[in-house]
Amino acid sequence: MSEITVDYLIVGQGLAGSCVAWQLLKAGKRIAVIDQRSQNRCSIVAAGLFNPVTGQHLKKTWLARETFEYLHSFYPEIEQAAKTDFFYPLPLYRPFISVEEQNEWLSHTVDPVYDGILKRVNGHSQYAGLHDSLGGITLAQSGFINTQRFLDTVREIVIKNGYFFDERCDYGEIVLPKESVQYRNITARKILFCEGVHTAANPWFSGIPMRPLKGETLEIKSDFAEQVIVNRGVYMVPGKEKGEWKIGSTYNARDKSEGNTANGIEELKGKLKQLLKSEFDIIRSDWGIRPTTPDRRPIMGAHPTDNRLIIFNGLGTKGVSLAPYFSDILVRWLENGAPVAKEVDVTRFKVLS
Ligand SMILES: Cc1cc2nc3c(=O)[nH]c(=O)nc-3n(C[C@H](O)[C@H](O)[C@H](O)COP(=O)(O)OP(=O)(O)OC[C@H]3O[C@@H](n4cnc5c(N)ncnc54)[C@H](O)[C@@H]3O)c2cc1C
């Protein structure tokens with residue numbers, strides 16, 4: 001085996017590892033990536049949705065302006081470089097469930113907080129195939145990425161411009177001689193861990209309080225075939241073919257099992273029936289486990305006792321919108337020492353030593 005020398009060795013190529021790999025290559029760095037897809041394929045299962053207002057009461061999401069501005073140029077830049085497509089900006093429609101809600105949103109039309117985000121307040125039904133008799137809001141700046149295609153694209157880019165190893169990283173073989181990191185035949189300046197919930201097996205970062213949050217999804221076929229994202233109780237994101245939809249998701253912090261559950265599928269079917277008038281057939285179901293944190297903020301930075309060991313994780317339920325922006329912050333910190341906000345710095349957890 002020939003010796004390989006790189007600037008960074010990245011472990012894990014989900015959304016976190018992919019975004020940071022792209023940023024490092026763009027900065028002219030030499031990289032090697034080790035990733036073996038596991039049963040939990042969190043980034044691939046994701047519907048890839050990005051939406052600047054989230055939660056039950058549709059509040060503007062944390063750092064919406066910065067992260068959304070960033071992602072709207074980040075993904076198209078990679079599409080153009082690789083001559084492919086995986087980024088689909090699309091309006092998001094959310095039906096009203098009460099007249100009070102309708103009135104509340106009418107008042108938001110003059111609220112500067114929703115400038116550029118609230119596209120339209122619709123006072124009556126927009127889609128015959130939906131239960132939306134009271135109308136609903138149409139939001140801008142939303143859309144989805146085809147996460148599978150995005151990850152495959154970045155993998156191809158890494159193969160062409162660096163080194164890629166489709167294998168499990170054995171932590172026991174990571175050696176830390178003076179000023180470098182050694183893994184088998186690879187020598188790197190630093191090692192970046194982007195393992196999602198699998199960080200629990202990492203000997204240096206297993207202490208961070210990761211909160212695994214399982215989610216189940218469905219893929220369905222229906223007569224409803226509009227080009228729009230629908231979100232109420234569940235989201236509906238257009239699939240590959242007309243009338244195919246990705247439906248998600250459940251949020252279950254207690255269930256650690258691998259695989260779909262009857263409860264999860266029933267929950268999604270029940271919520272979907274409240275939203276979709278048309279009949280539907282289930283094509284397949286899927287599941288994944290999100291790497292969430294107690295304060296719902298990403299995690300990045302160096303291990304407090306060894307600055308060669310770097311983590312990028314904790315993307316939680318919003319990997320698609322957080323990973324581009326924070327991978328840029330991470331790389332500017334690594335290369336130029338640009339500051340990282342305390343609220344995302346790994347050292348906010350006092351459990352590492
Ligand atoms: C059902 C569901 C729906 C979702 N929908 C959305 C959505 O619509 N929009 C959104 O923004 N977010 C969504 N999310 C959240 C999003 O998927 C996560 O934020 C994101 O995928 C986390 O990415 P990650 O790279 O940190 O982790 P992962 O995707 O888990 O990637 C980690 C990678 O590292 C590999 N790995 C780990 N350890 C090793 C090792 N020792 N050796 C080699 N490889 C290793 C793993 O196999 C994996 O490939 C959803 C999540 C779920 C579960």
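First listed ligand is number 1; within each ligand, the first listed atom is number 1.
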Checklist outcome for this item: Candidates G316, A46, S43; heavy atom nearest atom 18 (C) of ligand 1 found on G316
Checklist entry - Is G48 near ligand 1, meaning one of its heavy atoms is under 4.0 Å from it? => result yes
Item to check | R37/D152 ion pair, N-O < 4.0 Å | outcome: yes
Checklist entry - Angle class for the F205/H303 ring planes (parallel below 30°, perpendicular above 60°, tilted otherwise)? => result perpendicular
Checklist entry - Tell me, which protein residue and heavy-atom name are nearest atom 49 (O) of ligand 1, and how many Å apart are they? => result D35 OD1, 2.7 Å
Checklist entry - Does Y171 come within less than 4.0 angstrom of ligand 1, counting non-hydrogen atoms of the residue? => result yes
Checklist entry - What's the shortest distance from atom 46 (C) of ligand 1 to any protein heavy atom, and which residue and atom give it? => result Q36 O, 3.8 Å
Checklist entry - Would F312 count as a contact of ligand 1 if the rule is a heavy atom under 4.0 Å away? => result no
Item to check | Geometric N/O contact L49 with ligand 1, under 3.5 angstrom | outcome: yes
Checklist entry - Which bit of R168 is near ligand 1, meaning a heavy atom under 4.0 Å away: side chain, backbone, both or neither? => result both
Checklist entry - Side chain, backbone, both or neither: which part of I44 has a heavy atom under 4.0 Å from ligand 1? => result neither
Checklist entry - Quick one: does R41 get a heavy atom under 4.0 Å from ligand 1? => result no
Item to check | Under 3.5 Å: N/O of T317 near N/O of ligand 1 | outcome: yes
